[in-house]
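Comments concern the structure below.
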Amino acid sequence: MSNNYLKFIPNGITFSERPISALATQRLAWKATIIIWLIGNISRNKSSSLRKLSLFLWIVQNPENEQLINEILRDQNRLVLASVKFDPTLPRTLSYLKELKLLEIKNSRYRLTQPGVQILLAVNAEAELFKFEKQLLASLEGSFLTDTYIDSLYRGG
Amino acid sequence: MALKIRALRIVVNAGNKNFGAEYKFATSGLNVIRADNSSGKSTIFDSIIYALGLEAMLGASRQIPLKSILTTKVPLDDGSAVNISESYILLEIENGAGEIATIRRGVVSNDDPNLVTVYNGHLISKVPAPGMLSTNYYTRLPGSAQNERGFHNWLAKFINWDLPLVPKFSGSLTNLYLECIMPLMVIEQKKGWSQLQGTVPTQYGIKDVRKKAIEFAMKLDSEKISQQRTALNVQLAATKLGWSLSSEKVALIARNVGGTVEGIPKEPRSNFTETTPTAFKVSHESGWSLISERIEEVKSQIQQSKNLDTKSEKFDEATKLRLGNAEKALFELESMYRNLIAQQNFERSEKVLLFRRKETLSNDIRQLEDTHRISKMGGNTNAITSIDNCPVCESHIDGTVLSQNVNRVVMDIQSNVQFLKDELKTVELLNRHHDKNIEANEIAASDLAQRLDGKRLEIREIKESLLEDSRIPSKIEIIRQVNLERELLRLQAAVSDFETQLEALDVLSEQFAEIKGKIANLPDAYSEADEEKINYLRDALKENLTAFGFKSFDPAKIDISRESLHPIVEDFDWYFEASGSDNIRAIWAYSLALLSVASSNPTNHPGLLMFDEPGQQSSKIDSLRAFFRRAVVMANDQHQIIVTTSEKVDSLNEFLSNIPSTKFILPDGEKLIRPMRN
């Protein structure tokens, strides 16, 4: 069957591309800033292992994950740990940050450089920024989400 | 309550050279900046306005309202020009408590132009103290007058101004913005001389904005009266809330007897019970009736039942048919009930899904708003927010961490926030739709459940009565009577509860009328203290006008309008009648008169007046001399007056001879913005 019916549309059909929606978690500005803020706040010496960073990034990306992490903490539930997702865009964002000289890698740990620390201080000073994330992290403070504990969770023993 | 300008520094970096200007002002008395036309006086003046975040006075445009010498190019003596790489303004200010702060606002800068940095001390007049604290604020963004990090919120606190809430044309309330008040004190050249308060922005939609600004500046009690009005409006809102709670109770009472109430308005209404008929209807087997009619019907059925000489059923054809019909009806009712429950479960599960979606959307919006904040932060975060190319492979990136292979355009952050907010609205709309369905289903289910019970009982009784002795009264009839009596009691209790709620609604209706009456009766007039201040203003105005050689009307005939607080002659606004130069004199006279009210009455005037080129419209030399001399008297060692002028050096020296003032007199042909030492 031929496509002759198209001749009935005098001006043809035009498809116009509309801009697509991209969530904050998919935007470099948000992701890079939260990574810097996490590295600066989840450990004392402003450095973090990839595993720990990945776990915390997962926690703050979606409020529902807060419940899951509490289950992990309460029951040491490794089954729930299976639902922790590794963010595939994390390595790329870390590469960007490394090239921008905002962080460096030392002994397999991501450590903030001086310009990175400046951004961390600016974020901490902005009361309105990462309000929810700051509360969430404060509620987890004192929990036993240490490097050793996280490693043991992932190892399964 | 004061705002004084201590010092101004303009810094322009262009072609590896520093240009700029620096002035240290006397914080009381008259300060005069004299230079030729086009030598940068208005740039100095507008820079102060810009540093104070008051550029809405200069127009509604979002563009930076400063001349090209601060925004694009600096002209050089040889006729060429160099591009500006960076420019900013520092403004050192002082308040009534003697506290000093320095404001830094970028013009050509990597930072967001809405970012204002406030240093907790002096940066210009003296060497800055080591370890001085600074805080970033934002201006010209929604919330900058109210939020903790809003620059005008900070500035109002610094001046010790408690900004009043004022009504908008839309009916909501808003803070009286600083941009609306300051045109009384800062008269700029382009629009400031067009009329009194010529630069008050109107885009905020504040009702009677000019009058509100004068009321505030003079601290009139009429401002309190309007606050009383606001308090009454809050009471009105509480009454409306009470009304909606009582209406909900009425709906619940009706639902419990499988009914509904018509005629209760959503908002309170004066004389509600007298003017608004309500109808309480209940459903039953044969349809819907008014509850009063249903009560009568039930009563009559009870009576009929009592009068009947009913004996137990016999197993005849009529009874079989009756039993069959009842069982068929029961089956239909059960089927309807099951469908309804399924429908209700569906509605509830949809609500759960919508709730989750709402949570997710709210979180996504919050995170995007954070992203917007990050992109506006400036400073070191620019390293992240302004990269166009991948720092690793140099390929173009669109600000996302999505796969870069797809050919697509990503929404900008604000459009994306709006996009998600629109979705959130749709979700909320659907949620309300499900709520309505759930409510309607509950009424229907409650009605069906009652009818099912009744039908099951009827079947059981028919079956039982077939086994009974036919000589004794029928048990089915006895139970029917009991049920009817129960229904009667339920209906009567509902009517009683309904009437209680109607009384409550009646009380709320009376309260509503009373508050409405109070609002209508609030005095528009001014208090005695207000009248004194207004008369003081009038007298000072007359005195000033006489001194300035005002000729269009006899100054003795001038009064202050109680409607607008502007000057009037025989109840008419004089503006269109007076000559151009007299209108300029009137603006001098009114601005100085407001300052003199502040000298002897409690007001909110910050004790600062700024005039950009008051010698407009070729004002006569005598008038201008009188203006300068009067300004010194009004400043009276407590207030600060800053004037820019292009009067000839000789005439200015003559005006100001023997009068104390701080002068910056630039010889003809020289520019105010000039190369500075690096």
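Proteins get letters first, then strands, A, B, ... in listed order; numbering begins at 1 in each.
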* With side chains defined as the heavy atoms from C-beta onward, is the minimum distance between A/Phe130 and B/Ile374 less than 4.5 Å? -> yes
* Structure fact -> If you tally heavy-atom pairs under 4.5 Å between each of B/Asn136, B/Ile365, B/Thr381, B/Thr385 and chain A, the highest tally belongs to B/Thr381
* To do: Please look at B/Ser375 and chain A and tell me whether the side chain, the backbone, both or neither of the residue comes under 4.5 angstrom of a heavy atom of that chain.
  => neither
* What part of B/Asn363 gets closer than 4.5 Å to chain A, counting heavy atoms only: side chain, backbone, both or neither? -> side chain
* To do: For residues B/Met411 and A/Arg18, determine if any side-chain heavy atom of one lies less than 4.5 Å from a side-chain heavy atom of the other.
  => no
* Structure fact -> When the 4.5 angstrom heavy-atom criterion is applied to A/Ile36 and chain B, the contacting part is side chain
* To do: Take atom NZ of B/Lys358 as the centre, draw a 6.0 Å sphere, and report whether it contains more than 12 heavy atoms from other residues, nucleotides or ligands.
  => no
* With a 4.5 angstrom heavy-atom cut-off, could you sort out which part of B/Leu420 is near chain A: side chain, backbone, both or neither? => side chain
* Structure fact -> Most contact-rich option vs chain B, by heavy-atom pairs under 4.5 angstrom, among A/Thr89, A/Thr93, A/Ile20, is A/Ile20
* Is there side-chain contact between A/Leu90 and A/Lys31, with heavy atoms separated by less than 4.5 Å? -> no
* Is a salt bridge present between B/Asp370 and B/Arg373, judged by a nitrogen-to-oxygen distance below 4.0 Å? -> yes
* Asked: Under a 4.5 Å heavy-atom cut-off, does chain A meet the side chain of B/Asn147, its backbone, both or neither?
  -> neither
* Structure fact -> In terms of heavy-atom pairs under 4.5 Å with chain B, the winner among A/Val123, A/Thr25, A/Ile119 is A/Ile119
* Tell me, out of A/Glu99, A/Gln26, A/Arg27, who's got the most heavy-atom pairs with chain B below 4.5 Å. => A/Arg27
* **Salt-bridge contact B/Glu179-B/Arg140 (side-chain N to carboxylate O under 4.0 Å)** => no
* Structure fact -> When the 4.5 angstrom heavy-atom criterion is applied to A/Val60 and chain B, the contacting part is backbone
* Counting only heavy atoms not in A/Asn107, do more than 12 sit closer than 6.0 Å to its CG atom? -> no
* Asked: Should A/Lys131 and B/Glu369 count as an ion pair when the cut-off is N to O under 4.0 Å?
  -> no
* Count the heavy-atom pairs under 4.5 Å between each of B/Asp364, B/Thr135, B/Thr360 and chain A, then report the option with the highest count. => B/Asp364
